[in-house]
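In what follows, a single structure is set out as structure tokens and then discussed.
Values in this document were obtained by computation on a predicted structure and should not be read as measured data. Indexing begins at 1, ligand by ligand and atom by atom, following the structure's order.
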Amino acid sequence: MVGARPATDISASSAVNEKRLWQRHMAMAKLGGTLKGGVNRQALSPEDAAARKLLATWAKKRGFEVATDAIGNLFVRRPGTDAKARPILTGSHLDTQPTGGRFDGAYGVLAGFEVLEALADAKIATRRPIEVVAWMNEEGSRFQPGCVGSGVFAGSYDVAKMLKITDRAGVKVRDALAATLKAAPTPRRKGIGFAVDGYIEAHIEQGPRLEAVGHTIGVVTGIQGSRRFAVDVVGEESHAGTTPLRVRKDALKSAVAVVDALQKHMHDETDTVRFTVGRFETYPGSPNTVPGRVHFTIDFRHPDSAVLQRLGDGVDDVAKAHAGPCDVRVTGLSYVEPTVFAPQIMDLVRDTARRLALPNMDMPSGAGHDAMYMAKLCPAGMIFVPCARGVSHNEAESATPSDLAAGCRVLADSLVALANR
Ligand code: GLV
Ligand code: MN
Ligand code: MN
């Protein structure tokens, strides 16, 4: 055929379309877009449903197969030539923080989708299917814990238990998921989880290291461990004008003392411990009623499994010792051991980046990702690209079209190599 090049002449990376990848990000960022240029598209919200619908629409236009499993993971599949071969998975998440950015999560999904489109454009066949997945509720901000979709997929979380989780308004995952699937209908994928031959997730770094040294690609070596807790401090509501301080059971006073004590417990001279109280709620929230209850969350992370265990296991004792006249209940919500990615995936990503002449470095991830659950199932790894000043979980989050495309090119050739094994 005149003008047609044999598929073998064209690499997947050279077929990646930077402009299309950027446009897809901008279109996705409109769904839940905020006045400050960020995105509020929390898991299983109407905005999340709209994002899923958009991805499914793009996928159907390209003739890819779309399906959703029982926990709401959305899969887009490009078949391989060997019908019996296990697929290679890539992806990330479309849900965001309440004041999230345009790239955290969306990049991994859209880079994966761009790879499928690039392969289709260049008529490149792969032996294994390649599937893009948008994992349900990675962020864990509306529903806790995070990484629910990938955790269920990997067998680490029980699907029935996860469907019963509620948000602050008491809405269950089960009901929010039903509403989402009604608004963004797709065929149902039977069961939960299936055999996967390899997984690579592309993501913005969410930290400043790549930008600082002027490198385009991070070869991710692993992810630090993390634990989440919910803490409820219960005192007694009473009149702010009449109740003497010495007889009060002021839940706020106790909660502040508990947080202060926990901050001391977690103090570390090397600044390796990550300890965050990101939600702190006082009930009934009336200026002239002594608070009867405080609810707060703890996000605690460390790369060393022993420290993660020791400091995390101390949370309950520290809380009880500093709650004064109030009762305190500590509930563990998640416990994820540090992840070490597969050397074969790290080698593949590093070699691909070098071949494409992209400056790269090995680096661990401070943030959590769905890849930590996939690493339990199959050889898994990640590709990082820089983001401006390392800012993330912030509406100002920013990345350049060329860095996003560079990461996508590394992803494309790495996925094809895995898919032809
Ligand atoms: C993911 O957003 C995380 O909390 O690390
Ligand atoms: Mn993310
Ligand atoms: Mn995030």
A122 and I10 have their tightest heavy-atom pair at CB-CG2, 3.8 Å
Near the Mn ion (ligand 2), meaning under 2.8 Å, the protein N/O/S atoms are H93 NE2, D104 OD1, H203 NE2
Quick check: are there more than 12 heavy atoms from other residues, nucleotides or ligands sitting under 6.0 Å from CZ of R329? no
_N or O contact, Q206 vs ligand 1, cut-off under 3.5 Å_ = no
Determine, step by step, whether R409 and E18 satisfy the side chain to side chain contact (heavy atoms under 4.5 Å, CB included) criterion, reporting the C-alpha distance in whole Å, the side-chain angles of both residues, the deciding distance to 0.1 Å, and the verdict.
CA-CA 9 Å; R409 287 188 193 104; E18 177 177 323; 4.0 Å; yes
Is the distance between the ring centroids of F75 and F194 under 6.0 Å?
yes
**Message:** Tell me whether the rings of H25 and F103 are parallel (<30°), tilted (30 to 60°) or perpendicular (>60°).
**Reply:** tilted
query: Is a side-chain N or O of R41 found less than 3.5 angstrom from the main chain of M28, in a donor-acceptor match?
result: yes
Handout entry: Nitrogen or oxygen of A367 less than 3.5 angstrom from that of ligand 1
Key = no
Note: ligand 1 atoms sitting under 4.0 Å from heavy atoms of H393 are 2 (O)
Among R228, R301, Q97, M372, closest by heavy atom to atom 3 (C) of ligand 1 is R301
Test item: R24 and E114 side chains (from C-beta on) under 4.5 Å apart, heavy atoms: no
Contact region, E139 to ligand 1, non-hydrogen atoms below 4.0 Å, reads side chain
The side-chain hydrogen bond (donor to acceptor under 3.5 Å, both in side chains) partner of H93 among N137, D104, D370 is D104
